[in-house]
Amino acid sequence: MSDPFVTAANSASHGLFAQSTRMRVLSENIANADTTGKTPGSDPYRRKTISFRDMVDDGDTGDGVDMVGVDKIARDEAPFRTEYMPGHPAADDKGYVKMPNVDMLVELADMREASRAYTANTQVIKQVRELVSMTIDLLRPGS
Amino acid sequence: MQPLQLFDTAFQRNEWLAQRQSLISANIANANTPGYKAKDIESFDDVMRKAVPMAVTDPQHLSSGDSAGTARNVNTDEAEVLESGNNVSLEEEFLKSSDVSRNYSMNTQIIKAFSRMLQSATKA
């Protein structure tokens with residue numbers, strides 16, 4: 001059986017990775033919030049979504065430690081909104097341009113949540129380090 | 001002479017706390033995983049009761065199972081289950097985590113006290 005502190009730090013770092021990937025996807029969405037198509041009537045940027053899954057690490061230890069991993073990055077199939085911009089290169093014959101289905105408010109709320117979860121994971125790593133140093137302090141002479 | 005069980009028990013408690021911390025960190029890492037259920041460890045009292053069995057002086061006495069060490073269970077009644085089927089509550093996990101920290105600190109202090117006691121007995 002592996003050291004529970006190591007597995008704890010391991011789970012937390014997997015959490016950090018998952019949340020930072022989520023952050024990446026969110027920033028892609030925000031950056032492309034106004035990306036339209038190039039040719040008349042073509043589709044604009046489609047919002048990306050991310051989901052996580054419980055990854056059980058049986059590895060060489062076999063004690064089934066719960067990690068977290070990115071399940072899949074998919075596309076949001078929600079309909080695009082349209083805007084009337086007749087002069088736009090991507091405008092269709094009626095003058096409407098399809099705009100990405102990115103809702104800034106949703107992305108920002110999601111980003112806040114991702115950052116909270118990221119902080120929670122770093123907090124765990126800090127605490128694990130504290131516990132380990134408490135154990136090491138036992139060896140300190142004259143304490 | 002009786003073997004000293006002071007250190008043994010204290011270290012077992014520390015190990016239990018470490019296992020608990022590992023589950024807490026798994027819960028926090030999975031705070032956004034759909035369908036994930038928060039896990040917690042069997043309470044230390046239960047583990048001790050199994051690990052330190054009742055004395056059996058007659059074959060008809062009940063024995064108290066094998067020492068299973070630590071097992072996991074899933075709590076479904078503590079946090080509400082969200083739409084995604086995830087019932088991890090970060091607040092609760094932090095509460096448990098600070099509990100672990102406090103107990104761990106207490107335990108290491110106790111171990112230090114034991115070792116001071118031993119030293120004062122062995123030093124001239």
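Just so it is clear: chains get the letters A, B, ... in the order the sequence lines come, proteins before strands, and each one is counted from 1.
Residue B:Tyr104 touches chain A through both its backbone and its side chain, counting heavy-atom pairs closer than 4.5 Å. Of the atoms belonging to A:Ala18, not a single heavy atom falls under 4.5 Å from chain B. Residue B:Ala31: no heavy atom, backbone or side chain, is found under 4.5 Å from chain A. For chain A, the nearby part of B:Phe11 is the side chain; its heavy atoms alone come within less than 4.5 Å.
Between B:Ala29 and A:Val68, the closest heavy-atom pair is O-CG1, 3.4 Å. Closest heavy-atom contact between A:Pro4 and B:Ser22: O-CB, 3.3 Å. The two residues B:Lys39 and A:Asp66 come nearest to each other via the heavy atoms NZ-OD2, 2.6 Å. In this structure, A:Phe52 and B:Pro34 approach most closely via the heavy-atom pair O-CD, 3.1 Å. Taking all atoms of both residues into account, the shortest heavy-atom contact from A:Asn121 to B:Ile28 is OD1-CG2, 3.8 Å. Of all the heavy atoms in B:Ser25 and A:Ser11, the pair that sits closest is OG-CB, 3.6 Å.
Residues A:Val128 and A:Ile136 fall within the same hydrophobic cluster, defined by Ile, Leu, Val, Met, Phe, Trp and Tyr side chains chained together at heavy-atom separations under 4.5 Å. If you chain together hydrophobic residues whose side chains sit under 4.5 Å apart, A:Ile125 and B:Leu17 never meet in one group. Both B:Leu118 and B:Ile110 are members of a single hydrophobic cluster when ILVMFWY side chains are connected at heavy-atom separations under 4.5 Å. Neither A:Val102 nor A:Ile30 shares a network with the other; the hydrophobic side chains, linked directly or stepwise wherever heavy atoms of I, L, V, M, F, W or Y lie under 4.5 Å apart, form separate groups for each. Connection of B:Met106 to B:Phe114 is established within a shared hydrophobic cluster, with ILVMFWY side chains joined at heavy-atom distances below 4.5 Å, either directly or through further cluster members.
Separation of atoms CG (B:Asn32) and CD (A:Glu113) is listed at 5.0 Å; rounding is to 0.5 Å. Residue B:Gln109 holds its CD atom at 8.5 Å from CG of A:Leu138, rounded to the nearest 0.5 Å. Within the model, atoms NZ of B:Lys112 and CG of A:Asp137 stand 5.0 Å from one another, a figure rounded to the nearest 0.5 Å.
Top candidate by heavy-atom pairs under 4.5 Å with chain A, chosen from B:Ile111, B:Thr108, B:Ile24, is B:Thr108. Of the residues considered (A:Met55, A:Arg22, A:Glu130, A:Arg116), A:Arg22 shows the highest number of contacts with chain B, using heavy-atom pairs under 4.5 Å. Of the residues considered (B:Leu90, B:Asn30, B:Asn107), B:Asn30 shows the highest number of contacts with chain A, using heavy-atom pairs under 4.5 Å.
Between the A:Gln127 side chain and the B:Ser97 main chain, a donor and an acceptor come within less than 3.5 Å of each other.
At a threshold of 4.5 Å between non-hydrogen side-chain atoms, the residues A:Val124 and B:Gln21 count as touching. Between B:Ser101 and A:Leu131 the shortest side-chain heavy-atom distance falls below 4.5 Å.
Counting heavy-atom neighbours within 6.0 Å of A:Tyr96 OH, excluding the residue itself, gives a total of 12 or less. Within 6.0 Å of the CZ atom in A:Phe17, the count of heavy atoms belonging to other residues, nucleotides or ligands does not exceed 12.
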